[in-house]
Amino acid sequence: MYLKKIGLIGLILTSSLCAKTTDFDNKIIQTEQHMISENPNFTLKRISIANKKVIDSRWTQYRFDLKLQRKGSKEIISTNMLIFTDGEYQTNTLMNIKTGQRLDAIANNAYNKARRAKERAKRNVFEKSFKLNPKYYNKEHLIQGNMDAKNKIVIVSDPLCIACIHSVPRILDEVKNKKDYAVFYYQFPLAGLHPTSPTIAKAIEYLKQKGGKNIEQRVLMANFDNKYDVYKTRDNHVALEVFNQTFNTKIKLSDLKDINISEDMKIGKDIRLNGTPTILFNGSLFQAREKLQKSLQNSLYL
């Protein structure tokens with residue numbers, strides 16, 4: 001009956017198996033379908049065997065590719081799952097009692113390493129051909145230097161990003177007295193990582209509109225993570241209180257309701273942002289940090 005509930009879908013092996021689905025493979029897939037169907041939070045949209053590996057005379061390792069839909073949402077989640085089976089039982093963890101090695105950890109580490117290498121290669125292809133649209137060199141986002149400077153640095157940063165705290169102020173300090181460098185700053189708060197970062201980003205913009213100077217750099221150097229938990233705190237009043245203490249201001253959440261940072265965040269789509277800080281040097285993403293360091297005669301450590 002459970003097969004009727006979720007449908008006989010995704011029973012085709014991927015090309016990595018180079019073989020047709022066996023009856024036993026189908027049985028394993030059906031077992032997984034049944035287990036997933038019992039989870040009230042997700043609906044299974046697709047399941048397929050991505051890889052199958054014989055461990056020994058008894059155990060076989062299966063890796064599944066899954067597409068799940070969260071109940072009450074249109075979001076489709078792509079993920080993978082590893083199981084081991086001896087034909088009668090199955091488990092997600094298998095340990096070699098002689099060596100203490102967890103075979104699932106070894107398999108997952110190898111898989112993730114290969115996946116990251118594949119993603120990095122794909123990203124390199126994109127970065128090598130990418131050239132930033134000159135529209136992003138504008139006065140609204142110029143935070144240091146002159147518009148007509150020969151070398152243009154674009155920084156895309158989350159105001160609560162820990163990595164940004166170490167690198168962005170260092171860049172600004174290194175080039176502040178160099179006439180041939182201009183720095184353009186775009187805010188890209190990662191709300192999924194730092195829930196209050198959009199509020200901090202809006203507070204920065206609000207203060208800039210009131211004539212505040214070097215606000216982005218001052219926020220990063222203040223390191224708000226030392227003043228409240230920027231990863232877990234969801235109360236924007238807490239975040240804004242820390243901001244006000246830092247700048248001796250009295251900004252209220254109601255002051256920020258008309259502040260729009262969506263224009264800043266459009267750059268993220270263009271550069272296919274995958275983390276902050278993202279640095280571009282003279283319109284290039286590819287090895288931008290290395291090129292910047294070379295331009296500065298390796299005086300800047302990023």
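Residues: numbered from 1 along the sequence shown. All values reported here derive from a predicted model rather than from experimental measurement.
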Short side-chain to backbone donor-acceptor contact, T196 and T199, under 3.5 Å:
no

Going from CZ on F281 to NZ on K152, what distance comes out if it is rounded to the nearest 0.5 angstrom?
10.5 Å

State which residue, out of R115, R116, R123, fulfils the side chain to side chain donor-acceptor pair (under 3.5 Å) condition with E119.
R115

Check whether the side chains of N282 and S284 place a donor and an acceptor atom closer than 3.5 Å, and report yes or no.
no

Side chains of R102 and N108: is there a donor and an acceptor less than 3.5 Å apart?
no

Between F247 and R218, is there a cation-pi geometry (under 6.0 Å to ring centre, at most 45° from the normal)?
no

Does F184 have its ring centroid less than 6.0 Å away from the ring centroid of H141?
no

Any side-chain donor paired with an acceptor under 3.5 Å for Y185 and S157?
yes

Please tell me whether D225 and Y231 have a donor and an acceptor in their side chains that are separated by less than 3.5 angstrom.
no

Pair K122, E127 - check salt bridge (charged side-chain N to carboxylate O under 4.0 Å, His left out), show working.
CA-CA 9 Å; K122 184 177 180 181; E127 289 186 358; over 6 Å; no

Given the options K67, K45, R46, S78 meets side chain to side chain donor-acceptor pair (under 3.5 Å) only with K67

For M147, look at atom CE and say whether over 12 heavy atoms of other residues, nucleotides or ligands are found less than 6.0 Å away.
yes

